[in-house]
> 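Structure incoming, see below.
Nothing fancy with the numbering, it's 1 onward along the sequence.
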Amino acid sequence: MSQYPIVNLDAQVKASLIKHLKDHCGVEMSDSDSKAELIEAIITFEENNGIERPIDLMPEAMKPSAIVGATATLNPASPKNIPIAKHERKVVIITVNGDAKGRTQEFFGLNEWRATIKFGEQVDLPVPVIKMIQQAKEKRYTQEKDGSLKQISFPSYNIEFVGVV
């Protein structure tokens, strides 16, 4: 296994970068290539071969800078990413619309929010979860006289609003 010399790219002149690329990277470059192109070729070779360049030997333009603090301006018109559990809550009773197939409860999940809800009992839920349950649809098919199938879509659940938490 041969040793690969990691050189300070900013301190090298073009001729030594071209020689380094030829001798150690197997890449032929010419005097017409800019120093930035030569440095990019060396960095690419090192990345492709799993060689980690120490931060001290990174080109100055590529060195990470320490950030002490930062601020951002939020657009008041844009929606905020609020956790589901922090939204307004309403008390509802959910029942299955159609065939429950013996189920007495259902597991629901929306983003980070998860719960098992019993049918026919009062439960307080975040409004986005209620909207998701309202939008749940079942599709059934009926066969027409000509043999074709007709799709029927209907809500999976009935929601009775009881109040606000």
> Which Ile, Leu, Val, Met, Phe, Trp or Tyr residues join V164 in one cluster when any pair of side-chain heavy atoms under 4.5 Å counts as a link?
none
> For K14, enumerate each residue passing the salt bridge (charged side-chain N to carboxylate O under 4.0 Å, His left out) test, keeping only those at least two apart in sequence or located in another chain.
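Salt bridge (charged side-chain N to carboxylate O under 4.0 Å, His left out) check on K14 returns nothing, list empty.
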> Can you sort out the partners of E52 under salt bridge (charged side-chain N to carboxylate O under 4.0 Å, His left out), two or more places apart, ordered by chain and number?
none
> So, for P59 and I43, which heavy atoms are closest and what is the spacing to 0.1 Å?
CD-CD1, 4.3 Å
> Could you work out, with side-chain contact (heavy atoms from CB on, under 4.5 Å) as the rule, every residue matching N49, not counting sequence neighbours?
F45, I51
> V13: which other cluster members, linking ILVMFWY side chains closer than 4.5 Å, directly or transitively?
none
> Rounded to the nearest 0.5 Å, how far apart are CD1 of I82 and CD of E88?
12.0 Å
> Roughly how far, to the nearest 0.5 Å, is CD1 of I6 from CD1 of I42?
11.0 Å
> Measuring from atom CE of M29 to atom OG of S34, what distance do you get when rounded to the nearest 0.5 angstrom?
7.5 Å
> What pair of heavy atoms forms the shortest contact from N97 to P155, and how long is it?
ND2-O, 2.9 Å
> Are the side chains of V91 and V165 in touch, meaning some heavy atoms are under 4.5 Å apart?
yes
> Can you name the salt bridge (charged side-chain N to carboxylate O under 4.0 Å, His left out) partners of D146, sequence neighbours left out?
none
> Return the set of residues passing side-chain hydrogen bond (donor to acceptor under 3.5 Å, both in side chains) with E106 (not counting sequence neighbours), or none when no residue passes.
R103, Y157
> With the side chain counted from C-beta on, respond yes when K118 and V123 share a heavy-atom pair under 4.5 Å apart, and no when they do not.
no
> Which pairs pass salt bridge (Lys or Arg N to Asp or Glu O under 4.0 Å) with one or both residues in residues 29-38, sequence neighbours excluded?
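For residues 29-38: none.
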> Quick check: does any side chain N or O of R89 sit under 3.5 Å from a backbone N or O of K86, one acting as donor and the other as acceptor?
no
> Please identify each residue that fulfils salt bridge (charged side-chain N to carboxylate O under 4.0 Å, His left out) with E160, with sequence neighbours left out.
none
> Just jot down the side-chain hydrogen bond (donor to acceptor under 3.5 Å, both in side chains) partners of N8, sequence neighbours excluded, or say none.
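Here no residue qualifies.
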> Quick one: side-chain hydrogen bond (donor to acceptor under 3.5 Å, both in side chains) partners of E46, sequence neighbours excluded?
Y4, R53
> Between E138 and S153, is there a side-chain heavy-atom distance shorter than 4.5 Å?
no
> Partners of F161 by side-chain contact (heavy atoms from CB on, under 4.5 Å), sequence neighbours excluded?
K90, V92, I130, Q134, I159
> More than 12 heavy atoms of other residues, nucleotides or ligands under 6.0 Å from NZ of K131: is that the case?
no
> Write down the atom of Q105, the atom of T116, and the distance for their closest heavy-atom approach.
CD-CG2, 3.6 Å
